[in-house]
**Q** 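One structure, pasted below without further comment.
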Protein chains: 2
Amino acid sequence: MFDTLRSHINRKIKLSESEFALVTTFFIPKKLRKKQYLLQAGDVCKYLAFVSKGCLRSYSVNDKGEEHIVQFAIEDWWMTDLKSFLTNEPATYNIDALEDTELFLIDKESQDKLYSVMPKIEHYFRILLEGNNTAAQKRISDFISASAEERYLNFLKTYPELVQRVPQSQVASYLGIKPQSLSRIRKELSEKK
Amino acid sequence: MFDTLRSHINRKIKLSESEFALVTTFFIPKKLRKKQYLLQAGDVCKYLAFVSKGCLRSYSVNDKGEEHIVQFAIEDWWMTDLKSFLTNEPATYNIDALEDTELFLIDKESQDKLYSVMPKIEHYFRILLEGNNTAAQKRISDFISASAEERYLNFLKTYPELVQRVPQSQVASYLGIKPQSLSRIRKELSEKK
DNA sequence: GCAATCCGTTAACATAGGTTAATGTGTTTT
DNA sequence: AAAACACATTAACCTATGTTAACGGATTGC
């Protein structure tokens, strides 16, 4: 049941059978159908989610109704609206499923309790957060200094699995451009080479 | 000497006098003159730096020689090239001082040792990383969905101190636009209202 | 105190990406 | 099987931001 989570945690820290058995008691399994929400903007984000199978996206919707994808999460990724999760403020992002998806959820209180009964888990999340920070840094760097075409090429290189799995319009949204523009960029790229 | 660091840490966790005295032994004080480098791209980033006084910036330089500011750090902020610091790979960013600056430095081994002798410090950094992640999320969100004008207004609101302290051209670089464009945007804003 | 440099402004022109709208195709719903 | 929908493509036109270049005031260095 918790195999995916277990092997992900074991890649960063070492836990015994019984320690991991204890860890699992803090998580709630949950399945989402394609298009189903895990979180809607305005609600408080109560859970941090580990994707065991499937694909999620988090996105904002502005006053014109335009969606902008902030993050994708496939197998072995964690997803939440971190700010809302940490502060209990209403979420600014929506999270929903791009495919039928299986998750393990943990709420903030359980997580804090887990930290205190098993400090190695805080260590695990600290390492995870470091990785997230470097990835975010990279993405910001890209937005500051790269053109849409360069960002698309970087995306292809960094997340080749995702390109196969999510509609092109969703990739465009993640890159901060319109689907028509991505289509044009792809055409130009194919003409170049 | 370590007052600024102490009060910053004490805002997140509680340390006794003697605990904090131990913590300080892990840090190296350092002063930088304006324009002096803390890190040059290509070198390995050995230190995580706490700004006690002054102002740093981290930035990339592309093949055309254009600089793009990834982050500012004033009093009470931490600065590093996180990826290089964690992996010992050559840094992709430069870090230098925009003002005469006073720092406390810690290297990776010292930090890891500090985590093990004082787990509360790992807790402190975990909380710090969470805050960093939410700020990065916000900035990415801004790049995906906001115009240069909106990003500038957000910057004014979020970092009013910085607008006073750093040259406008540096703010433009942080926003991902050219100084001339920021100048034009400011003009349009002043005409509107 | 003078020269050099940095910094912000402005303006004319260029371009990447947005907008609108039409078309085709495959997929879901009924 | 038909209708409705989701998704990608293309094209003509529009706009925000980039580019190049010139100017002037302020600051820094000698």
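Below, read A as the first sequence line, B as the second, and so on, with proteins coming before strands; counting in each chain starts at 1. All values reported here derive from a predicted model rather than from experimental measurement.
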**Q** In this structure, how many angstroms lie between the P atom of D/dT28 and the CG atom of B/Leu98, rounded?
**A** 14 Å

**Q** Is the number of heavy atoms from other residues, nucleotides or ligands under 6.0 Å of A/Lys14 NZ greater than 12?
**A** yes

**Q** More than 12 heavy atoms of other residues, nucleotides or ligands under 6.0 Å from CZ of B/Arg165: is that the case?
**A** yes

**Q** Taking only side-chain nitrogens and oxygens of B/Lys187, does any of them come within less than 4.0 Å of OP1 or OP2 of C/dA11?
**A** yes

**Q** Whether the A/Tyr124 and A/His8 side chains hold a donor-acceptor pair (N or O, under 3.5 Å, no angle test) is what I'd like checked.
**A** yes

**Q** When B/Phe104 is tested against each of B/Phe2, B/Trp77, B/Phe27 for ring pair (Phe, Tyr, Trp, His ring centres under 6.0 Å), which residue passes?
**A** B/Phe2

**Q** Can you confirm whether the side chains of A/Tyr93 and A/Ser84 place a donor and an acceptor under 3.5 Å from each other?
**A** no

**Q** Rounded to the nearest Å, what distance is computed from the CD atom of residue B/Glu99 to the C1' atom of nucleotide D/dT27?
**A** 16 Å

**Q** I'd like to check A/Asn94 versus A/Val61 (side-chain heavy atoms, cut-off strictly below 4.5 Å). Are they in contact?
**A** yes

**Q** For every nucleotide of nucleotides 12-30 of chain C, 5' to 3': is a protein heavy atom under 4.0 Å from its base (B), only from its sugar-phosphate (S), or from neither (-)?
**A** -----BBSBB---------

**Q** Quick check on contacts: within residues 156-170 of chain B, what sits under 4.0 Å from DNA chain C by heavy-atom distance?
**A** B/Pro167, B/Gln168, B/Ser169

**Q** Check whether the side chains of A/Arg57 and A/Tyr174 place a donor and an acceptor atom closer than 3.5 Å, and report yes or no.
**A** no

**Q** For B/Arg186 and D/dT17, give me the distance from atom CZ to atom P, rounded to whole Å.
**A** 16 Å

**Q** Is the closest side-chain donor-acceptor distance between A/Asp142 and A/Asn154 under 3.5 Å?
**A** yes

**Q** Is the shortest side-chain heavy-atom distance between A/Ile28 and A/Ile106 below 4.5 Å?
**A** no

**Q** Starting from the first five and the last five pairs of the helix from C/dG1-D/dC30 to C/dT30-D/dA1, work out the angle between the resulting helix axes, to 10 degrees.
**A** 60°

**Q** Applying salt bridge (charged side-chain N to carboxylate O under 4.0 Å, His left out) to A/Glu99 and A/Lys34, what does each step give before you reach the verdict?
**A** CA-CA 4 Å; A/Glu99 306 171 358; A/Lys34 186 172 173 171; over 6 Å; no

**Q** Taking OH from B/Tyr152 and P from C/dG8, how many angstroms apart are they, rounded to a whole number?
**A** 11 Å

**Q** Do A/Asn10 and A/Ser7 have side-chain N/O donor and acceptor atoms under 3.5 Å apart?
**A** no

